[in-house]
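Accompanying notes for the structure given below.
Only heavy atoms go into these numbers, but all of them, side chains included; no hydrogens, no water, no symmetry mates.
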Amino acid sequence: MRPLLGHDNADVRDAALVAVLPLAEHPILASHRGELADHARLLPTTSTDRCQRDRVLEALAAWGHDISGLENADDVAAPELHDRRIAERWASGYSEGGRGAKAVGRSAP
């Protein structure tokens, strides 16, 4: 993955970073977190992709990095919006499964 993290195309770099973050959670690969954190700090300065931003910010926070200077207003509001949407689904009688979620108390067809 290292060559892709330095790719000329920002979309390739960002996709590689987001793909490798979960792997760095394994204790054997934890020694690579510092290098990944360096790359991760750059993504929020250039990307508006909500999923990529969330993954990067969550990883940095989990690794003990201060992300307050990297977050924008949308990043701060995203968890609250997510929680509100889940509450609305539950209130309307649906589980947290997203698309195709079964109504609570109903059997599958």
For Asp11, side-chain contact (heavy atoms from CB on, under 4.5 Å) partners two or more places apart: Asn9

Value rounded to 0.5 Å, distance of OG in Ser47 from CZ in Arg53: 6.5 Å

Scan the side chains in residues 19-33 for donor-acceptor partners under 3.5 Å anywhere in the protein, sequence neighbours excluded, and list what turns up.
unit_1: Glu25; atom_1: OE2; unit_2: Trp63; atom_2: NE1; d: 2.8
unit_1: His26; atom_1: ND1; unit_2: Ile28; atom_2: N; d: 3.1
unit_1: Arg33; atom_1: NE; unit_2: Ala24; atom_2: O; d: 2.8
unit_1: Arg33; atom_1: NH2; unit_2: Ala24; atom_2: O; d: 3.0
unit_1: Arg33; atom_1: NH2; unit_2: Glu25; atom_2: O; d: 3.2

Full working for side-chain contact (heavy atoms from CB on, under 4.5 Å) between Leu60 and Leu70: CA-CA 10 Å; Leu60 287 170; Leu70 300 173; 3.7 Å; yes

Rounded distance (nearest 0.5 Å) linking atom CG of Leu43 with atom CG of Asp49: 8.0 Å

Residues that Arg13 engages under side chain to side chain donor-acceptor pair (under 3.5 Å), provided they are two or more places apart: none

Atom of Ala16, atom of Leu4 and distance for their closest heavy-atom approach: CB-CB, 3.6 Å

hydrophobic_cluster_shared for Leu36 and Ile67, side chain cutoff 4.5 Å: yes

Inter- and intrachain pairs under salt bridge (charged side-chain N to carboxylate O under 4.0 Å, His left out), touching residues 36-45, at least two apart: Asp38-Arg41

Salt bridge (Lys or Arg N to Asp or Glu O under 4.0 Å) involving Glu35 - partner list, sequence neighbours excluded: Arg2

Asp54: partners by salt bridge (Lys or Arg N to Asp or Glu O under 4.0 Å), with sequence neighbours left out: Arg50

Residue pair Ser68 / Asp66, side-chain donor-acceptor N/O under 3.5 Å: yes

Heavy-atom closest pair, residues Ala40 and Leu17: CA-CD2, 3.5 Å

